[in-house]
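Everything numeric in this text was worked out from a predicted model, so none of it was measured.
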Amino acid sequence: MVSIANIVGSGSLSVELNVDQLGTDLDVPYTEYDPENYHGLYVRLVEGGPLITVYRSGKYIISGCSAFEELEDTNEKFLEHLTEFGIIESELDPGFTVQNVVCTADLGHSVNLNALAIGLGLEAVEYEPEQFPGLVYRPTEFPTVLLLFANGKVVVTGAPDVHIAEEAFSSLQSQVDGLLE
DNA sequence: TTAACGTTTTCTTATATAGCCTGATACA
DNA sequence: TGTATCAGGCTATATAAGAAAACGTTAA
């Protein structure tokens, strides 16, 4: 069982934007545009909520969502705001897709990371405790990266879908259990 | 040697995780 | 002044975006 920590998605408005002006015009709790720091416009529709980064090209990224419903809702509301300003047509399909799902999970017991590094196969593992306390595991059968910690906690990242994250974690759990037997 | 390109890297944001380091504060 | 505790920042990971800087290569 994994729980979602963060979802990142992106889409395109297919229109060139004046992001500086857009930041001023939008009637939302938070906007920030500081081209000396970063060239993207930051938008939050809800205080402390997901962050939308908008680019001059019309492309945008939404990050900081902990549920797919929240991501879809944020995307829809953002498009509604832009439609109100006449920036886009209401029927526009931005081709919005989920790019990265970050999940956390727990093996339920502590693990010996040194032994695990050997058991999982050194070619798929990076473990340098002096640099970072977690073991980095890149399974060949899933497009994800898993970070394992000595207390059994796991971070799954890079998955394009939560089901892939779940499968990757289940596969890891089976391998760990097999090594413990 | 210098200019003009082309390519690559860095930056920023969100998020979980844990260990180490640094600085600030509190107390003896 | 010395020690203890706490908070915060950094380390690594993925992903999108695009500007800017840092490179490398080629030609004059």
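Counted within 6.0 Å of CZ on A/R44, heavy atoms from surrounding residues, nucleotides or ligands total more than 12; the atom is thus considered enclosed. Heavy-atom neighbours of A/E141 CD from other residues, nucleotides or ligands within 6.0 Å: above the threshold of 12.
Residues from residues 100-113 of chain A with heavy atoms under 4.0 angstrom of DNA chain B, sorted by number: A/V102, A/T104. Against DNA chain B, the stretch residues 1-10 of chain A makes heavy-atom approaches under 4.0 Å through A/A5, A/N6, A/V8. DNA chain B is contacted by no residue of residues 75-84 of chain A, taking any non-hydrogen atom closer than 4.0 Å. Of the residues in residues 46-61 of chain A, A/L51 come within less than 4.0 Å of DNA chain B through at least one heavy atom, sorted by number. Within residues 140-150 of chain A, the residues approached by DNA chain B to less than 4.0 Å at the level of any non-hydrogen atom are A/L147, A/F149, in residue-number order.
Among the protein residues, A/E126 comes within range of the sugar-phosphate backbone only, with heavy atoms under 4.0 Å from sugar or phosphate atoms but none that close to a base.
A/Q131 has its CD atom 21 Å from the P atom of B/dT17, to the nearest Å. Across the protein-nucleic acid pair, A/L172 atom CG and B/dT17 atom P stand 17 Å apart, rounded to whole Å. Between the OH atom of A/Y33 and the P atom of B/dT12 there is a distance of 16 Å, rounded to whole Å. Remark: C1' of B/dA16 and CG of A/L135 are 16 Å apart, rounded to the nearest angstrom. Atom CD in A/E128 sits roughly 17 Å away from atom P in B/dG19 (whole-Å rounding). For the pair A/Y42 OH and B/dT12 P, the interatomic distance rounds to 8 Å; values are reported in whole Å.
Applying the salt bridge (Lys or Arg N to Asp or Glu O under 4.0 Å) rule to A/E72 yields no partners; only residues at least two apart in sequence or on another chain are considered. For A/D73, the salt bridge (Lys or Arg N to Asp or Glu O under 4.0 Å) criterion is met by A/K77, not counting sequence neighbours. Legend: residues meeting ring-ring contact (aromatic ring centres under 6.0 Å, His included) with A/Y33, ordered by chain and number and at least two apart, are absent. A/R138 meets the salt bridge (Lys or Arg N to Asp or Glu O under 4.0 Å) test with A/E126; sequence neighbours excluded. Here A/N112 pairs with A/N114, A/A115 under the side chain to side chain contact (heavy atoms under 4.5 Å, CB included) rule; sequence neighbours left out.
Side-chain contact between A/Y60 and A/L41 is absent, with no heavy atoms from C-beta onward closer than 4.5 Å. By the 4.5 Å heavy-atom criterion applied to side chains, A/E123 and A/T140 are not counted as neighbours. At least one side-chain heavy atom of A/V101 sits less than 4.5 Å from a side-chain heavy atom of A/F68. No side-chain heavy atom of A/L79 sits less than 4.5 Å from a side-chain heavy atom of A/F96. Counting only heavy atoms from C-beta outward, the side chains of A/L172 and A/P139 never approach each other to under 4.5 Å. Two residues are said to be in side-chain contact when any heavy atoms from C-beta on lie closer than 4.5 Å; A/F169 and A/T144 fail this criterion.
Applying the ring-ring contact (aromatic ring centres under 6.0 Å, His included) test to every pair with at least one member in residues 35-55 of chain A, sequence neighbours left out, gives these pairs: A/H39-A/Y55.
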Item checked: Full working for side-chain contact (heavy atoms from CB on, under 4.5 Å) between A/I61 and A/V8 -> CA-CA 7 Å; A/I61 302 167; A/V8 182; 3.7 Å; yes
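Of all heavy-atom pairs spanning A/C65 and A/L71, the tightest one is SG-CA, 3.6 Å. Taking every heavy atom of both residues into account, A/P50 and A/I62 meet most closely at CB-CG2, 4.2 Å.
Judged purely by atom type and a 3.5 angstrom limit, A/S171 has no side-chain atom pairing as donor or acceptor with the backbone of A/E167.
Taking the 5' to 3' direction, DNA chain C first and last meets chain A under 4.0 angstrom from a heavy atom at C/dT11 to C/dA19.
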